[in-house]
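Letters A, B, ... mirror the listed sequences (proteins, then strands); counts begin at 1.
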Number of protein chains: 2
Amino acid sequence: MRERPLILLVDDEEDIIDLLQYNLQKENFDTIAAKDGAEAVDLAVQETPDIIVLDIMMPRMDGLEACKRMREHSTLRTVPILMLTARSEEADQVVGLDTGADIYLTKPISLPVLISQVKALLRGSSRYDTPADLIRILDLEIDRDRYVVRRGNSGKAVRLARKEFDLLYFFASRPGKVFSRQDLLDRVWGRDVYVVDRTVDVHVRKIREKVGEHYIETIKGVGYRFIDTFQ
Amino acid sequence: MRERPLILLVDDEEDIIDLLQYNLQKENFDTIAAKDGAEAVDLAVQETPDIIVLDIMMPRMDGLEACKRMREHSTLRTVPILMLTARSEEADQVVGLDTGADIYLTKPISLPVLISQVKALLRGSSRYDTPADLIRILDLEIDRDRYVVRRGNSGKAVRLARKEFDLLYFFASRPGKVFSRQDLLDRVWGRDVYVVDRTVDVHVRKIREKVGEHYIETIKGVGYRFIDTFQ
DNA sequence: CGCCATGTTAGGTAATCGTTAACTACGAAA
DNA sequence: TTTCGTAGTTAACGATTACCTAACATGGCG
């Protein structure tokens with residue numbers, strides 16, 4: 001999940017959208033909005049929100065149909081959907097839930113309840129998240145699952161060759177610690193691989209080229225290290 | 001999850017327990033019951049139910065306290081909790097949700113609504129461990145029922161052989177993640193099948209031929225992956 | 001200046017991958 | 001039964017890429 005969870009609000013009444021956006025943003029959520037079902041499905045596919053608040057009565061495509069379509073999308077399959085409607089009859093509520101919604105709230109809505117319910121749903125889905133196998137350090141994100149490195153500001157993924165990635169990953173897991181070339185050969189290349197130690201230099205060069213110059217420092221006469229994040 | 005999901009019902013009024021047990025069992029759920037919070041926590045720890053229906057007002061330990069204790073247990077962390085109470089005031093509802101409940105229903109309860117809500121909660125949690133029958137990703141539609149893949153624009157169904165399909169399906173359910181050939185053999189072919197790892201190459205080739213070249217990427221020195229839809 | 005450690009570049013080589021073709025196994029059709 | 005087609009696997013070989021090395025450049029320091 002993002003630092004600030006993204007909520008998709010779907011309602012054809014602008015007043016309600018405004019009210020919800022204002023209050024949810026005050027609670028530190030990011031929001032996007034759609035004013036009918038068709039627009040909602042498109043936006044949801046594009047943005048993969050962390051939660052969807054969906055009104056039922058809408059023009060073009062109603063909330064039930066939108067809910068069904070979203071549930072067919074693999075990327076939206078696990079996104080909690082909160083249905084919101086003026087119709088409080090039991091039958092509607094049952095249909096809404098059976099269509100794939102997780103929760104059904106009836107208007108008039110209480111903002112504190114809605115907000116608590118949104119938080120509960122987020123809590124519920126975050127319980128299943130498996131942490132990604134990645135190191136965040138400085139403005140870098142070194143992702144072992146995807147074998148890429150991202151720079152914070154741009155977010156663009158940089159592809160490294162295998163040895164480059166392994167070497168950077170090794171350094172970044174031990175920031176500040178200095179390793180001799182022989183240490184690195186032993187621990188990244190492997191104990192029984194015999195290559196000249198200057199090989200390390202070349203790989204450091206390539207990492208600096210692709211990721212940035214200042215992450216790996218040269219310690220003259222000793223070796224290299226990832227810059228110390230505590231200084 | 002079990003074939004018949006297990007529901008833990010917690011309420012100090014026997015009439016309500018009986019009513020719920022009768023109706024939930026009719027819907028093919030297994031049920032167990034506790035009549036106060038302390039008993040509920042013990043039973044929940046012992047049995048790890050698939051869902052917990054929890055009344056708030058109870059002797060010995062109320063539902064809020066029980067909810068908090070359950071959430072502290074690692075095995076109960078992901079079990080959905082549905083709170084049930086006579087007090088319909090907003091403030092109570094907010095407290096209940098903030099304590100760790102996923103849903104709050106007020107008495108008098110409607111059985112159809114409760115049942116739909118229980119099913120929605122189960123669906124919600126099963127979404128995380130059961131793969132979808134239909135994956136939509138990029139312009140692909142990967143249909144597990146029909147064992148075919150459709151490309152968005154043309155809509156034409158491409159028929160894949162079983163291994164080809166299974167492999168593509170495995171990749172597409174984990175976009176962006178890199179797998180070594182051995183990972184793929186273990187997880188798509190099966191742990192105790194011994195074939196040379198270059199077999200994967202040939203199947204990847206066939207998928208690229210039939211479905212398109214750019215869906216599965218080669219990560220040299222590491223393996224393959226479905227292209228990352230987030231980049 | 002001259003020395004030494006590191007930076008930088010380029011090219012050969014070894015590893016890895018793509019691609020094709022052949023072999024086996026199996027089931028369906030003739 | 002034979003024959004054919006499809007699926008799965010393996011092997012072989014050419015193409016591509018990563019890796020390593022060596023050679024030269026640079027820069028700090030005595």
Legend entry - Pair B:Phe170 + B:Phe179: ring centers closer than 6.0 Å: yes
Legend entry - Phosphate contact (D:dC19 OP1 or OP2) by A:Trp189 side-chain N/O below 4.0 Å: no
Legend entry - Between P of C:dT8 and CD1 of A:Ile207, the distance in whole Å: 14 Å
Legend entry - Phosphate OP1/OP2 of C:dT19 contacted by B:Arg205 side-chain N/O (<4.0 Å): yes
Legend entry - Side-chain donor/acceptor of B:Arg191 to backbone N/O of B:Asp186, under 3.5 Å: no
Inset, instruction - Please tell me which of the listed nucleotides, D:dT21, D:dT9, C:dG18, lies nearest to the side chain of A:Val196? - result: D:dT21
Inset, instruction - Measure the distance from CG on A:Leu184 to C1' on D:dC20 and round it to the nearest whole Å. - result: 16 Å
Inset, instruction - Between C:dT19, C:dT8, D:dT10, spot the one nearest the side chain of B:Asp201, thanks. - result: C:dT19
Inset, instruction - Tell me whether the OP1 or OP2 atom of C:dG7 has a side-chain N or O from A:Tyr224 closer than 4.0 Å. - result: yes
Legend entry - 5' precedence on DNA chain D between A:Val200 and B:Val202 (nearest-nucleotide basis): B:Val202
Inset, instruction - Tell me which nucleotide among D:dC19, C:dT19, C:dT6 gets nearest to the side chain of A:Ala161. - result: D:dC19
Inset, instruction - Could you tell me which residues satisfy side chain to side chain contact (heavy atoms under 4.5 Å, CB included) with A:Ala38, sequence neighbours excluded, listed by chain and number? - result: A:Asp36, A:Arg60, A:Met61
Legend entry - Of the listed nucleotides C:dT9, D:dT9, D:dT21, the one nearest the side chain of A:Val195: D:dT21
Legend entry - Distance below 4.0 Å between A:Arg208 side-chain N/O and C:dG7 OP1 or OP2: yes
Inset, instruction - Ignoring backbone atoms, test whether A:Arg181 places a side-chain nitrogen or oxygen under 4.0 Å from the OP1 or OP2 oxygen of C:dT6. - result: yes
Legend entry - Along DNA chain C (nearest heavy atom to each residue), the more 5'-positioned of A:Lys220 and A:Lys206: A:Lys220
Legend entry - Lys/Arg cation over aromatic A:Phe226: A:Arg174, 6.0 Å, 45° cone: no
Inset, instruction - Taking only the side-chain nitrogens and oxygens of A:Thr218, find out if one of them lies under 4.0 Å from OP1 or OP2 of C:dA5. - result: no
Legend entry - Whole-Å distance separating the CG atom of B:Asp197 from the P atom of C:dA15: 15 Å
Legend entry - Closest to the B:Lys163 side chain, choosing from D:dT21, D:dG8, C:dG18: D:dG8
Legend entry - D:dA18 OP1/OP2 closer than 4.0 Å to side-chain N/O of A:His203: no
Legend entry - A:Arg144 to A:Tyr169 six-membered ring, cation-pi geometry met (6.0 Å, 45°): yes
Inset, instruction - Whole angstrom is fine here: how far is it from CD1 in A:Ile219 over to C1' in D:dG28? - result: 15 Å
Inset, instruction - Find the distance A:Arg162:CZ to C:dA15:P and express it as a whole number of Å. - result: 11 Å
Inset, instruction - Starting at atom CD of A:Glu209, determine the distance to atom P of C:dA10, rounded to an integer number of angstrom. - result: 11 Å
